[in-house]
Student: 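Please see the structure below; I have some questions.
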Amino acid sequence: MEDNKYTFENPEFKDTYRHTTSHILAQAVKRLYPEVKLAIGPAIENGFYYDFDAPFAITPEILEKIEAEMRKICKEKIKLERFELPREEAIKFMEEREEPYKVELINDLPEDAVISFYKQGDFTDLCAGPHLDSTGRVKGNAIKLTSCTGAYWRGDSNRKMLQRVYGTCFQKKDELDAYLARIEEAKKRDHRKLGKELGLFMLTEEGPGFPFFLPKGMVLKNTLIDYWREVHKRYGYVEVSTPMILNRGLWETSGHWFHYKDNMYTTLIDGEDYAIKPMNCPGGMLVYKSEPHSYRDLPLRVGELGVVHRHELSGALHGLFRVRCFTQDDAHIFMTWDQMKDEIKGTVKLFDEVYSLFGLPYEIELSTMPEDHMGDEADWEFAQNTLKEAITEMGKSYVINEGDGAFYGPKLDFHLEDSLGRTWQCGTIQLDMQLPERFELEYVGADGEKHRPVMIHRVVFGSIERFIGVITEHFAGAFPTWLAPVQVKVMPITDRAADYAKSVAELLNEHDIRVETDLRNEKIGYKIREAQGQKIPYMLIVGDKEAENGTVSVRTRAGGDEGAVALDDFIAKITEEIASRAR
């Protein structure tokens with residue numbers, strides 16, 4: 001780490017560098033617009049921001065002026081000097097500078113807090129630090145202010161709306177340029193944009209957070225579900241479906257009524273409290289309890305594609321990534337303690353198969369016992385060690401996320417990496433020693449006595465909706481042929497070839513190939529461009545010659561013109577491609 005101490009490979013240095021840049025931003029704003037009041041300006045994952053109370057709108061043109069001033073400040077190589085003041089002097093110091101937000105922050109600090117400031121030339125800010133020693137350490141040509149949005153002071157919707165200026169910075173300009181290029185590519189891949197263009201789903205004002213899937217989106221969704229069912233059948237799962245609405249007593253037993261009620265939609269039925277399920281687990285417990293079990297029945301792997309509803313805050317909603325209604329590809333594995341390691345391995349193997357199919361490498365994170373855990377610490381230690389041993393024996397590496405397990409058990413989270421290098425947390429394997437206890441689940445052991453099973457909660461996709469969002473951006477809407485809502489578009493060159501185009505489409509349809517025809521009286525070049533815009537894997541162009549010879553002229557989404565082939569040969573080729581789920 002010593003060689004990388006002063007590079008972005010060191011997270012602490014990166015945060016210090018970007019925090020210093022946020023102070024340069026604030027200094028630039030105060031130089032240009034002295035009437036603006038300062039709030040806060042931290043480093044964040046991809047850069048930094050600063051919140052301002054300005055009597056005017058901070059426009060893109062103003063951002064350019066601020067950015068230019070920031071570059072000047074970097075060239076000035078101003079030293080940053082830290083100093084401390086007693087509380088009363090600190091308050092007076094900020095009152096004299098007419099900075100009310102800083103005064104409020106000081107007043108809210110604990111009595112014994114050290115109140116520190118950082119001075120850089122004509123600018124001083126309340127800050128705990130740390131910072132670089134000079135503004136000259138920041139490369140002015142590698143700074144970019146990216147946007148300005150509204151943000152309530154201290155996140156409170158009852159407080160004043162401030163203007164939050166976002167920016168990013170790097171140690172070299174080529175690193176900034178590469179980052180901005182990735183951002184532009186990500187905008188092109190935005191699943192909300194592509195979802196609309198490709199006719200996959202829609203979001204309406206009548207149902208914020210409740211997505212509507214359109215015909216092509218339903219093809220994509222059902223194709224994923226068909227694959228999910230196929231792979232789970234091979235891995236020995238059975239499938240159930242539990243009710244959408246269940247009574248308060250169930251949610252009290254599970255603990256959700258007391259700990260999760262603010263995120264649940266509730267209703268009254270016959271004068272009794274009911275809730276729409278925010279998760280499938282409690283219903284799954286009732287399924288297990290519906291009949292007696294022997295140790296010979298275990299492990300019991302039970303899957304459910306359950307539609308769940310959660311009351312997310314409106315500001316948190318984001319396309320398919322954060323919704324209020326989604327299909328969770330749940331499964332619950334009921335097992336004995338000594339079956340735990342093998343079941344973890346089997347689940348990781350299933351995950352590996354699924355993610356590999358989509359070309360999504362992953363990293364595993366092990367979250368351990370939190371302070372507010374339930375249950376015996378010896379059981380926690382056994383469960384955590386079993387998780388570690390299982391993935392280590394499979395040749396997998398992992399990182400520890402200390403103290404971030406669920407209150408009922410440790411877990412493995414799978415962070416997928418897409419084609420742009422972004423990570424998405426989708427799959428999870430959670431051990432649960434508490435829900436079987438709450439629901440008094442039992443099995444009869446080989447000794448004839450009743451025992452308590454342990455269980456695994458696990459999801460592969462996380463939610464079908466979110467996973468669709470992830471792979472839409474991963475593939476930029478150009479889904480592999482097996483997933484594509486429309487796999488082939490047939491286009492006649494002339495009206496004379498229209499009947500042949502129809503017969504080609506009928507034959508493809510008989511072979512379960514998803515096909516559309518474009519019989520419009522348009523130029524073939526226009527039809528091809530439109531089909532490419534719809535990201536359809538194959539385009540078949542037919543005219544008099546193809547009709548006479550029983551052939552099709554093939555164009556692919558990526559490779560262009562592939563020439564004429566016999567229709568039977570094309571069907572054989574695409575059928576194999578679909579069956580093998582090739583990427």
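Please read these numbers as outputs of a predicted model, since none were measured by experiment.
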Student: Is it true that a side-chain atom of Arg514 and a backbone atom of Ala484 form a donor plus acceptor pair closer than 3.5 Å?
Tutor: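 Yes, Arg514 side chain to Ala484 backbone: donor-acceptor pair under 3.5 Å.
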Student: Using side-chain hydrogen bond (donor to acceptor under 3.5 Å, both in side chains), reason through Thr481 and Glu577 one step at a time and then give a plain yes or no.
Tutor: CA-CA 7 Å; Thr481 303; Glu577 184 179 340; 2.6 Å; yes
Student: Under the side chain to side chain donor-acceptor pair (under 3.5 Å) test, which residues partner Glu449, sequence neighbours left out?
Tutor: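 If we apply the side chain to side chain donor-acceptor pair (under 3.5 Å) test to Glu449, skipping adjacent residues, there are no hits.
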Student: Decide whether Arg189 and Ser419 meet the rule of one side-chain donor and one side-chain acceptor closer than 3.5 Å.
Tutor: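 Per modelled atom types, Arg189 and Ser419 side chains form a pair under 3.5 Å.
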Student: Using only atom types and a distance under 3.5 Å, with no angle test, would you say the side chain of Trp251 pairs donor to acceptor with the backbone of Leu246?
Tutor: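 Such a contact is found between Trp251 side chain and Leu246 backbone.
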Student: Under a 4.0 Å threshold between the charged nitrogen and the carboxylate oxygen, would Glu343 count as salt-bridged to Arg301?
Tutor: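 Yes, charged N to carboxylate O under 4.0 Å.
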Student: Does Asp413 form a side-chain hydrogen bond (donor to acceptor under 3.5 Å, both in side chains) with Thr428? I'd like the steps, not just the answer.
Tutor: CA-CA 4 Å; Asp413 287 326; Thr428 188; 2.8 Å; yes
Student: Below 30° counts as parallel, above 60° as perpendicular, anything between as tilted: where do the rings of Trp153 and Tyr101 land?
Tutor: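 Judged by the thresholds at 30° and 60°, the geometry between Trp153 and Tyr101 is perpendicular.
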Student: Please name the residue in the list Arg422, Lys193, Arg192 that meets the side-chain hydrogen bond (donor to acceptor under 3.5 Å, both in side chains) test with Glu473.
Tutor: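 With Glu473 as partner, side-chain hydrogen bond (donor to acceptor under 3.5 Å, both in side chains) holds for just one option, Arg422.
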Student: Side chains of Ser463 and Gln328: donor-acceptor distance under 3.5 Å anywhere?
Tutor: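 Judged by distance alone, the side chains do not pair up.
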Student: Below 4.0 angstrom, N of the basic side chain to O of the carboxylate: do Asp352 and Lys396 qualify?
Tutor: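 Salt bridge flag = yes for Lys396 with Asp352.
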Student: If the plane angle is over 60° it's perpendicular, under 30° parallel, otherwise tilted; pick one for His191 and His318.
Tutor: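 His191 vs His318 ring planes: perpendicular.
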Student: Is it the case that Glu465 and Thr327 place a side-chain donor and acceptor less than 3.5 Å from each other?
Tutor: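 Thr327 and Glu465 do have a side-chain donor-acceptor pair below 3.5 Å.
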Student: Can a salt bridge be assigned to the pair Glu230 and Arg581 using a cut-off of 4.0 Å between side-chain N and carboxylate O?
Tutor: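 Result for this pair is yes, salt bridge flagged.
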Student: Under the rule for salt bridge (charged side-chain N to carboxylate O under 4.0 Å, His left out), what residues qualify as partners of Lys349, not counting sequence neighbours?
Tutor: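 Here no residue qualifies.
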Student: Has Lys160 got a side-chain atom pairing as donor or acceptor with Tyr152's backbone, closer than 3.5 angstrom?
Tutor: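 Judged by distance alone, no pair lies under 3.5 Å.
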Student: Should Tyr288 and Phe334 be marked as a ring pair (Phe, Tyr, Trp, His ring centres under 6.0 Å) after you check the CA-CA gap, both sets of side-chain angles, and the distance that decides it?
Tutor: CA-CA 9 Å; Tyr288 181 90; Phe334 303 91; 4.5 Å; yes
Student: Sub-3.5 Å donor-acceptor pair from the side chain of His457 to the main-chain atoms of Met455, do we have one?
Tutor: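 No: the side chain of His457 does not pair with the backbone of Met455.
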Student: Mind checking what makes side chain to side chain donor-acceptor pair (under 3.5 Å) contact with Glu389, not counting sequence neighbours?
Tutor: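 With sequence neighbours excluded, Glu389 shows a side chain to side chain donor-acceptor pair (under 3.5 Å) to Lys341, given in chain and number order.
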Student: Phe48: what forms a ring-ring contact (aromatic ring centres under 6.0 Å, His included) with it, not counting sequence neighbours?
Tutor: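 Phe48: no ring-ring contact (aromatic ring centres under 6.0 Å, His included) contacts found.
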Student: Which pairs of donor and acceptor atoms, one on a side chain in residues 265-274, lie under 3.5 Å apart (sequence neighbours left out)?
Tutor:
from	atom 1	to	atom 2	distance (Å)
Glu272	OE2	Asn247	ND2	3.3
Asp273	OD2	Arg248	NH1	3.0

Student: I'd like to know if Lys188 and Asp190 make a salt bridge, using a cut-off of under 4.0 Å between side-chain N and carboxylate O.
Tutor: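 Judged by the 4.0 Å cut-off on N to carboxylate O distance, Lys188 and Asp190 do not form a salt bridge.
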Student: What do the steps show when you test His415 against Tyr362 for ring pair (Phe, Tyr, Trp, His ring centres under 6.0 Å), and what is the final call?
Tutor: CA-CA 5 Å; His415 298 269; Tyr362 60 81; over 10 Å; no
Student: Run the ring-ring contact (aromatic ring centres under 6.0 Å, His included) test against Tyr227 and tell me which residues pass, sequence neighbours left out.
Tutor: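 In terms of ring-ring contact (aromatic ring centres under 6.0 Å, His included), with neighbours along the sequence ignored, Tyr227 is linked to Trp482.
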Student: Quick test of your reading of the model: are Arg324 and Glu312 salt-bridged, counting only N-O distances below 4.0 Å?
Tutor: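 Looking at Arg324 and Glu312, the cut-off is not met.
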Student: Which heavy atom of Val486 sits nearest to which heavy atom of Pro537, and what is that distance?
Tutor: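 Nearest heavy atoms, Val486 then Pro537: O-CD, 3.3 Å.
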Student: Considering all heavy atoms of both residues, which atom of Ala476 and which atom of Leu194 are nearest to each other, and what is their separation?
Tutor: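 Scanning both residues completely, I find the closest heavy atoms to be C-CD1, 3.6 Å.
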Student: Taking the six-membered ring for Trp, is the centroid-to-centroid distance between His232 and Tyr235 below 6.0 Å?
Tutor: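 No; Tyr235 has its ring centre 6.0 Å or more from that of His232.
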Student: Taking all heavy atoms of Arg557 and all of Phe479, pick out the closest pair and write down the distance.
Tutor: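 The pair with the smallest heavy-atom distance is NH2-O, 2.9 Å.
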Student: Can you list the residues that meet the side-chain contact (heavy atoms from CB on, under 4.5 Å) rule with Asp108, with sequence neighbours excluded?
Tutor: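 Asp108: side-chain contact (heavy atoms from CB on, under 4.5 Å) contacts with Glu104, Arg154.
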Student: Charged N to carboxylate O below 4.0 Å: is that the case for Glu442 and Lys289?
Tutor: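 No salt bridge links Glu442 with Lys289.
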Student: Charged N to carboxylate O under 4.0 angstrom, Glu353 versus Arg234?
Tutor: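 Yes.
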Student: Would Trp424 and Phe467 count as a ring pair (Phe, Tyr, Trp, His ring centres under 6.0 Å) if you check the C-alpha gap in whole Å, the side-chain angles of each, and the deciding distance to 0.1 Å?
Tutor: CA-CA 9 Å; Trp424 309 90; Phe467 195 75; over 10 Å; no
Student: For Ser254, check side chain to side chain donor-acceptor pair (under 3.5 Å) against everything at least two apart and list the hits.
Tutor: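 If we apply the side chain to side chain donor-acceptor pair (under 3.5 Å) test to Ser254, skipping adjacent residues, the hits are His256.
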Student: Could you list the residues that satisfy side chain to side chain donor-acceptor pair (under 3.5 Å) with Arg296, not counting sequence neighbours?
Tutor: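 Side chain to side chain donor-acceptor pair (under 3.5 Å) check on Arg296 returns nothing, list empty.
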Student: Looking only at side chains, do Glu402 and Thr368 share a donor and an acceptor under 3.5 Å apart?
Tutor: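 Yes, because at least one side-chain N or O of Glu402 sits under 3.5 Å from a partner of the opposite role on Thr368.
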Student: State which residues pass salt bridge (charged side-chain N to carboxylate O under 4.0 Å, His left out) with Asp15; sequence neighbours excluded, sorted by chain then number.
Tutor: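 Once residues adjacent in sequence are excluded, Asp15 has no partner under the salt bridge (charged side-chain N to carboxylate O under 4.0 Å, His left out) criterion.
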Student: I need the minimum non-hydrogen distance between Val307 and His309, along with the two atoms involved.
Tutor: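 Taking every non-hydrogen atom into account, CG1-CE1, 3.9 Å.
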Student: Over 60° means perpendicular and under 30° means parallel, so classify the ring planes of Tyr355 and Phe414, tilted if in between.
Tutor: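 If you compare the ring of Phe414 with that of Tyr355, the planes turn out tilted.
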Student: Taking only residues two or more places apart in sequence or in another chain, which ones pass salt bridge (charged side-chain N to carboxylate O under 4.0 Å, His left out) with Glu304?
Tutor: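 Scan of Glu304 (salt bridge (charged side-chain N to carboxylate O under 4.0 Å, His left out), adjacent residues dropped) gives Lys277.
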Student: Tell me, please, which residues at least two apart from Arg438 pass salt bridge (charged side-chain N to carboxylate O under 4.0 Å, His left out).
Tutor: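 Per chain and number, Arg438 pairs via salt bridge (charged side-chain N to carboxylate O under 4.0 Å, His left out) with no residue.
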